[in-house]
Visitor: 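Below: one structure in structure tokens.
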Amino acid sequence: MITNNGNGSEKGDVLLEMRGLRIEGQSDEQWHEIVHGVDVTLRRGEVLGLIGESGAGKSTIGIAAMGYARPGCRISGGTIKFDGMELTTADEGVKRKLRGSRIAYVAQSAAASFNPAHRLIDQYSETPIQHGIMSKSQAESEAKELFGRLKLPDPDTIGYRYPHQVSGGQLQRAMTAMAMSCKPDLIIFDEPTTALDVTTQIEVLAAMKKVVHEFNTAAIYITHDLAVVAQMSDRIMVLRYGDVVEEGSARQMISEPQQEYTRDLLEVRSYRKPEAEDTSGDRPLLEVSDVTAGYGNKVMILKDVGVTIHRQRTVSVVGESGSGKSTLARVITGLLPPVKGSTIYDGEEWPRSFKERSRDQLRRLQMIYQMPDVALNPKQKIREIIGRPLSFYLGITGSAREQRLKELLEMIELPHSFADRLPSELSGGQKQRICIARALAAEPELIICDEVTSALDQLVAEEILKLLQRLQDTLHVSYLFITHDLATVRAISDEVVVMLQGRVVEQGRTREIFKPPHHEYTDLLLSSVPEMDPDWLDNLLAERQARIARGEKLAQTADN
């Protein structure tokens, strides 16, 4: 049975106070202020939502609550008091004892945060064992209970898998369980549902909300999604360029935002791609036919999957975590040779493995990965990351390579000076834009976009979608979008493929898929998209619970 750490404090007591917080970041061997005198007050049992575009300072302020600044940053002014303890002057040993036990952090990129050499349950158990809170057997028992609360499949056994053996959404939930392992007083959630499909997101948000309230835990919830933060937060703070733009209760911020920037955040995703002509009679650019694939020889993830993409068209693949979306991408790119089935590109059947494909075949098909933190070499500067495909695929070197590098950075709306930075010096959104530029450098005909906007705030995401559309219009490039964000699907797709448990359950033109009647699973996806209403999640869960109860009552009546 999971128990709280029991400090005896009452709900509503002030737990965290930041006053005049100033943080500097180092760039070009100089220090520049990136957070400008921010004040934060957080009470026990309260959830504070931090929103704003990429680079606003959300994560920087969030981790400062632990008395910590990332490499290349430093806390230069102000005070940080946690439960009456001043963290800016506290000994490092004292702060280490707090981190993990009383203050926990859920990172944006779970894939980059787990040790790939250790099983999930061992990594869960490490912190409570190190802090002397529980034994290994107790930790493993509580891990299984929390895995169940967070709706992980097979909670009694999934912990014995390695990080690479679970999906991105499952890994994110396992990380949330790790943060809860010591029943901390404060949790910093840094984009914890970014990698989750909408149906899984509902379950995880509900589980996190329940756990936070049960254990009287305070939380800082960092996100770029206003609809999500509205479900979790008691108060919302809007940030931009390291300053507080606006702060207030969640209901007041959603219904009556005072500042123009907040209103802009509420009005994003207005973009819609013009409907394209029907190209079903043309020869496809890519045709995946009857593909069955899996990892090892036992469990098949994909089962007789077929997908078609035409030139200058965008096909979106949607489905819950573990449905096979990313596995399909790996099959197409040749990273995972299928057990059966074929990949036909422009009328030619390609080798199943990328190792057998020519350099030109590799160039024509590029991929942008879901997790930019693990897709970029942390020791290479941006100049080398983007320049490598220019040299490898196109033979561009010297001044011509530098000029093309500059053009690619302009395309993704980053200055040329970023060429000399390392990935660690960029925000999550900036890293993803570098991944996009790297794919574009090869001048491909088809780009597989695996959750390319999930790490971006909504304002930047909309600009990226517009950029991708402009590139499609001018370069006639095609896209396969793998996403759980139905707003992105509506915005950019010509066609939609809905996957469930490794099979295609519905596919068609976008306007047809979003128009009733739907397949039962498609209907579930559409009903799970968060709305800008603080009561939406609670109402949805109550409605679904009532539906289950009615079904059970009907079943009992039938049995009688």
Side-chain angles (χ1 to χ4, degrees), residues 26-30 72 112 285-286 311-312 329-330 332-335 345-346 348 350-351 353-450 452 455-456 460 463-464 467-480:
Q26 191 174 35
S27 177
D28 301 324
E29 299 183 352
Q30 292 184 335
L285 175 64
L286 175 76
R311 288 189 181 276
Q312 203 176 341
R330 295 186 182 106
I332 294 171
T333 56
L335 293 172
Y345 193 96
D346 201 16
E348 174 189 3
W350 276 12
S353 172
F354 77 95
K355 297 177 182 178
E356 300 169 3
R357 296 180 183 178
S358 68
R359 184 172 298 192
D360 188 60
Q361 286 175 329
L362 295 174
R363 179 196 65 79
R364 296 169 72 184
L365 173 61
Q366 294 292 305
M367 184 165 176
I368 304 168
Y369 295 91
Q370 179 177 357
M371 302 293 185
D373 286 316
V374 295
L376 299 176
N377 188 326
K379 296 184 178 180
Q380 288 186 344
K381 292 186 176 181
I382 302 308
R383 173 175 281 103
E384 178 61 25
I385 290 172
I386 299 178
R388 171 64 174 160
L390 292 174
S391 303
F392 182 79
Y393 291 117
L394 305 174
I396 300 175
T397 59
S399 60
R401 173 170 139 161
E402 190 66 20
Q403 177 59 34
R404 183 58 177 158
L405 172 68
K406 183 178 180 180
E407 292 171 357
L408 287 165
L409 286 170
E410 288 175 353
M411 283 185 188
I412 59 169
E413 300 171 349
L414 292 178
H416 187 227
S417 60
F418 273 53
D420 293 314
R421 294 191 182 187
L422 293 168
S424 61
E425 298 177 274
L426 307 181
S427 70
Q430 290 166 344
K431 290 175 190 175
Q432 191 63 290
R433 282 184 269 182
I434 295 300
C435 290
I436 293 171
R438 179 174 59 183
L440 293 173
E443 298 183 5
E445 298 165 332
L446 172 63
I447 300 177
I448 298 177
C449 303
D450 192 353
V452 295
L456 305 178
V460 175
E463 289 304 312
I464 291 297
L467 168 63
L468 291 171
Q469 184 58 49
R470 289 197 298 269
L471 292 167
Q472 187 172 70
D473 293 338
T474 56
L475 304 176
H476 308 303
V477 66
S478 301
Y479 300 119
L480 177 65

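Just so it is clear, the model here is predicted, and its values are computed rather than measured.
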Visitor: Testing the basics here: between Gln380 and Ile385, what is the closest heavy-atom pair and its distance to 0.1 Å?
Guide: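 Nearest heavy atoms, Gln380 then Ile385: O-CD1, 3.6 Å.
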Visitor: Give me the atom names and distance for the closest heavy-atom approach of Asp473 to His476.
Guide: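 Minimum heavy-atom separation between Asp473 and His476: O-CE1, 3.7 Å.
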Visitor: Determine yes or no for a side-chain-to-main-chain donor-acceptor pair under 3.5 angstrom, with Gln312 supplying the side chain and Val477 the backbone.
Guide: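 Side chain of Gln312 to backbone of Val477, a donor-acceptor pair under 3.5 Å: no, none is there.
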Visitor: How far apart are the closest heavy atoms of Leu285 and Glu445, and which atoms are they?
Guide: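 Leu285 and Glu445 have their closest heavy atoms at CD2-O, 3.8 Å.
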Visitor: Please check if the side chain of Gln472 supplies one atom and the backbone of Leu467 the other of a donor-acceptor pair under 3.5 Å.
Guide: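 Judged by distance alone, no pair lies under 3.5 Å.
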Visitor: Can you give the donor-acceptor pairs under 3.5 Å from side chains of residues 407-415 to other protein atoms, not counting sequence neighbours?
Guide:
| from | atom 1 | to | atom 2 | distance (Å) |
| --- | --- | --- | --- | --- |
| Glu407 | OE1 | Arg404 | NH1 | 3.1 |
| Glu407 | OE2 | Gln403 | NE2 | 3.4 |

Visitor: To the nearest 0.5 Å, what is the distance between CD1 on Ile434 and CD1 on Ile368?
Guide: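 Reported to 0.5 Å precision, the distance equals 12.0 Å.
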Visitor: May I have the step-by-step check of side-chain contact (heavy atoms from CB on, under 4.5 Å) for Leu376 and Leu426, ending in yes or no?
Guide: CA-CA 11 Å; Leu376 299 176; Leu426 307 181; 5.6 Å; no
Visitor: Tell me the closest heavy-atom pair linking Arg363 and Ala442, and the distance in Å.
Guide: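 Distance-wise, the nearest heavy atoms are CG-O, 3.0 Å.
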Visitor: Could you tell me the separation between the OG1 atom of Thr474 and the CD atom of Gln469, rounded to the nearest 0.5 Å?
Guide: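 Atom-to-atom, Thr474:OG1 and Gln469:CD are 9.5 Å apart.
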Visitor: Does any part of the side chain of Val452, heavy atoms only, come nearer than 4.5 Å to the side chain of Ile447, both counted from C-beta?
Guide: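 Answer no - side chains too far apart.
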Visitor: Suppose the criterion is salt bridge (Lys or Arg N to Asp or Glu O under 4.0 Å): which pairs have a residue in residues 422-438, not counting sequence neighbours?
Guide: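 Every pair satisfying salt bridge (Lys or Arg N to Asp or Glu O under 4.0 Å) with a residue in residues 422-438: Asp373-Lys431.
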Visitor: Could you work out, with ring-ring contact (aromatic ring centres under 6.0 Å, His included) as the rule, every residue matching Tyr345, not counting sequence neighbours?
Guide: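 ring-ring contact (aromatic ring centres under 6.0 Å, His included) list for Tyr345, sorted by chain: Trp350.
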Visitor: When rounded to the nearest 0.5 angstrom, what distance separates CD1 in Ile386 from SG in Cys435?
Guide: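 The distance works out to 9.5 Å.
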Visitor: Return the set of residues passing side-chain contact (heavy atoms from CB on, under 4.5 Å) with Glu402 (not counting sequence neighbours), or none when no residue passes.
Guide: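 Arg383, Leu405, His416.
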Visitor: Quick check: closest heavy atoms across Pro378 and Leu422, and the distance to 0.1 Å?
Guide: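 So the minimum-distance heavy-atom pair works out to O-CD2, 3.9 Å.
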Visitor: List the atom pairs, with distances to 0.1 Å, where a side-chain N or O of residues 391-400 and a protein N or O form a donor-acceptor pair under 3.5 Å, not counting sequence neighbours.
Guide:
| from | atom 1 | to | atom 2 | distance (Å) |
| --- | --- | --- | --- | --- |
| Ser391 | OG | Gly387 | O | 3.4 |
| Ser391 | OG | Ile396 | O | 3.1 |
| Ser391 | OG | Arg401 | NH1 | 2.7 |

Visitor: I'd like to check the side-chain contact (heavy atoms from CB on, under 4.5 Å) partners of Ser358; sequence neighbours left out, ordered by chain and number.
Guide: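 Testing Ser358 for side-chain contact (heavy atoms from CB on, under 4.5 Å), a comparison that skips the adjacent residues, returns Asp360, Gln361.
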Visitor: Hey, what do you get for NZ (Lys406) to OG (Ser417), rounding to the nearest 0.5 Å?
Guide: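 OG of Ser417 is found 11.0 Å from NZ of Lys406.
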Visitor: Atom CG of Leu468 and atom CG of Leu440: how far apart are they, to the nearest 0.5 Å?
Guide: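 Reported value, rounded in 0.5 Å steps: 7.5 Å.
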Visitor: Looking at CD of Glu443 and CG of Leu390, how far apart are the two atoms once the value is rounded to the nearest 0.5 Å?
Guide: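 Those atoms lie 8.0 Å apart.
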Visitor: Any side-chain heavy-atom pair from Arg364 and Asp346 closer than 4.5 angstrom?
Guide: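 Yes. Closest side-chain heavy atoms under 4.5 Å.
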Visitor: Heavy-atom distance under 4.5 Å between the side chains of Phe354 and Leu365, does that happen here?
Guide: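 SC-SC contact between Phe354 and Leu365 ruled out.
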